[in-house]
Amino acid sequence: MGDVTPFLWFDDSAEAAITFYTGLIPGSEVVTIGRYPDEVPGMGGKVMHAHFRLAGRDYYAMDAGPQFPFTEAISLYVSCADQDEVDRYWAALTADGGEEQPCGWLKDRWGLSWQIIPDRLIELIRDPDPERAHRAVQAMLEMRKIDIAAIEAAAAGS
C-alpha cells in the first residue's frame, strides 16, 4: 500500500499558506510547486499541485476555488512542549484574520483548523486521579488558548 497523505484544497492561496506554515513550523519545507498553465481559464499560474512537509510529515495542496471551504471536521494538531510554544503558535496562527476557538482550537486566516495543545494538558486530563483529571478538563473547557499554569492550578484544586 502507498502512503496516506493529507491533501488540502485552498480557494486561491495555497502558496501563501504553505509558505507561511513551512516558515512557522521547524523541520518544514516546500518540496515542489506545480502551476496551472495559462490556458486553464481563471487558474493560470495558480497552484495546481504542491508538495510540502510540516515537521517532516508530507502534505499536498492545491488552489481549486471556493466550492469546498475547510471545516472543523479536520484539524492539524500541534503538540507543544511548553507555554512559550503554545503562545508562539497561537499568536502566529490567529494573526491577520485567524479566529480563536474553544479548548485550544483556532482557525487560521485561510480557515484551516488547528489544535495548539501543550503536552502537559494531556498529562493532566489523563491523570490517574479522576478528580484531578476532571478539574483539568473543566478548566480547559473555559479557555480558548490553553494556559498551562491555570490548568495545573485547577487540577491541584487551587
Side-chain angles (χ1 to χ4, degrees), residues 3-31 33 47 50-158:
D3 293 335
V4 176
T5 307
F7 200 118
L8 305 175
W9 172 312
F10 289 86
D11 179 357
D12 65 356
S13 55
E15 187 168 10
I18 66 175
T19 299
F20 176 76
Y21 300 154
T22 56
L24 176 65
I25 299 172
S28 300
E29 65 179 327
V30 177
V31 179
I33 295 181
V47 175
H51 175 197
F52 63 106
R53 292 190 182 105
L54 297 179
R57 289 197 173 103
D58 289 316
Y59 291 80
Y60 295 98
M62 68 187 294
D63 288 325
Q67 299 90 323
F68 301 109
F70 294 118
T71 74
E72 294 84 352
I74 188 161
S75 63
L76 301 183
Y77 182 100
V78 180
S79 176
C80 297
D82 56 31
Q83 191 68 49
D84 287 341
E85 275 193 0
V86 170
D87 294 346
R88 184 172 73 82
Y89 287 121
W90 194 269
L93 290 164
T94 58
D96 299 324
E99 181 182 328
E100 294 185 358
Q101 303 285 312
C103 304
W105 288 58
L106 62 85
K107 284 186 182 182
D108 68 23
R109 68 189 85 164
W110 297 282
L112 184 60
S113 291
W114 296 73
Q115 296 180 59
I116 309 302
I117 307 297
D119 297 336
R120 184 67 176 134
L121 172 63
I122 303 307
E123 292 169 7
L124 289 167
I125 65 175
R126 292 181 179 164
D127 192 288
D129 177 344
E131 290 179 15
R132 280 180 52 85
H134 178 73
R135 289 191 299 265
V137 168
Q138 291 304 105
M140 176 201 63
L141 291 173
E142 299 297 319
M143 298 178 178
R144 289 189 178 272
K145 179 178 75 172
I146 302 301
D147 179 333
I148 297 170
I151 296 271
E152 287 175 333
S158 303

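In this chain, residues are counted from 1 in sequence order.
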* **Criterion ring pair (Phe, Tyr, Trp, His ring centres under 6.0 Å) on Tyr77 and Trp105, from CA distance to verdict** => CA-CA 9 Å; Tyr77 182 100; Trp105 288 58; 9.0 Å; no

* To do: Any chance you could lay out the side-chain hydrogen bond (donor to acceptor under 3.5 Å, both in side chains) test for Gln115 and Ser75, step after step, and finish with the verdict?
  => CA-CA 7 Å; Gln115 296 180 59; Ser75 63; 2.9 Å; yes

* To do: Using the side-chain contact (heavy atoms from CB on, under 4.5 Å) rule, take Ile74 and Thr71 through it: C-alpha gap first, then chi angles, then the decisive distance, then the call.
  => CA-CA 7 Å; Ile74 188 161; Thr71 74; 5.6 Å; no

* Asked: side-chain contact (heavy atoms from CB on, under 4.5 Å) between Leu76 and Leu112: does it pass, once the steps are laid out?
  -> CA-CA 8 Å; Leu76 301 183; Leu112 184 60; 3.7 Å; yes

* Stepwise, does the side-chain contact (heavy atoms from CB on, under 4.5 Å) test hold for Leu124 with Arg132? -> CA-CA 7 Å; Leu124 289 167; Arg132 280 180 52 85; 3.5 Å; yes

* Would Glu85 and Gln83 satisfy side-chain hydrogen bond (donor to acceptor under 3.5 Å, both in side chains), going step by step from the backbone distance to the final call? -> CA-CA 5 Å; Glu85 275 193 0; Gln83 191 68 49; over 6 Å; no

* Asked: For Ser79 and Asp119, what are the C-alpha separation, side-chain angles and deciding distance, and is it a side-chain hydrogen bond (donor to acceptor under 3.5 Å, both in side chains)?
  -> CA-CA 6 Å; Ser79 176; Asp119 297 336; 2.3 Å; yes

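Closest approach of Ile148 to Pro118, counting heavy atoms only: CD1-CB, 3.5 Å. Pro128 approaches Pro130 most closely through the heavy-atom pair O-CD, 3.1 Å. Listed here is the closest heavy atom pair of Gln101 and Leu106: CG-CA, 3.7 Å. Looking at every heavy atom in both residues, Ser28 comes nearest to Ile25 through OG-O, 2.7 Å. Taking both residues in full, the closest heavy atoms of Ala14 and Val47 are given as CB-CB, 4.1 Å, listed atom of the first, atom of the second, then distance. Heavy atoms only, all atoms of each residue included: Ile18 and Ala61 are closest at CG2-CB, 4.2 Å.
Here CZ of Arg126 is found 9.5 Å from CG of Leu121. Values are rounded to the nearest 0.5 Å. From Leu54, atom CG reaches atom CD of Glu29 across 10.5 Å, with rounding to the nearest 0.5 Å. Atom CD of residue Gln67 and atom CG of residue Asp11 lie 8.0 Å apart, to the nearest 0.5 angstrom. Considering CD of Glu15 and CE of Met62, their distance stands at 14.5 Å, rounded to 0.5 Å.
The pair Lys145-Asp87 counts as a salt bridge, with a side-chain nitrogen and a carboxylate oxygen less than 4.0 angstrom apart. At a threshold of 4.0 Å, the pair Lys107-Glu72 counts as salt-bridged, since one of the basic side-chain nitrogens sits closer than that to a carboxylate oxygen.
Taking the ring centroids of Trp110 and Phe20, they lie under the 6.0 Å cut-off. Phe52 and Tyr60 have their aromatic ring centers separated by at least 6.0 angstrom.
Counting only heavy atoms from C-beta outward, the side chains of Ile125 and Ile122 approach each other to under 4.5 Å. Between Ile146 and Ile151 the shortest side-chain heavy-atom distance falls below 4.5 Å. Arg53 places a side-chain heavy atom less than 4.5 Å from the side chain of Val31. A 4.5 Å side-chain heavy-atom check between Phe70 and Phe10 finds at least one atom pair inside the cut-off. Looking at Leu24 and Leu93, their side chains come closer than 4.5 Å, going by heavy atoms from C-beta outward.
The neighbour count for Glu131 CD, taken as heavy atoms of other residues, nucleotides or ligands under 6.0 Å away, does not exceed 12. Counting heavy atoms of neighbouring residues, nucleotides and ligands inside a 6.0 Å radius, atom CG of Leu141 exceeds 12 of them. Residue-environment remark: CZ (Arg88) exceeds the threshold of 12 foreign heavy atoms within 6.0 Å.
Glu100 and Trp90 are linked by a side-chain donor-acceptor pair at a separation below 3.5 angstrom, with hydrogens and angles left out of the test.
A distance-only check finds a donor-acceptor pair linking the side chain of Thr22 to the backbone of Thr19 [under 3.5 Å]. In this structure, the side chain of Asp12 does not engage the main chain of Asp63 through any donor-acceptor pair within 3.5 Å.
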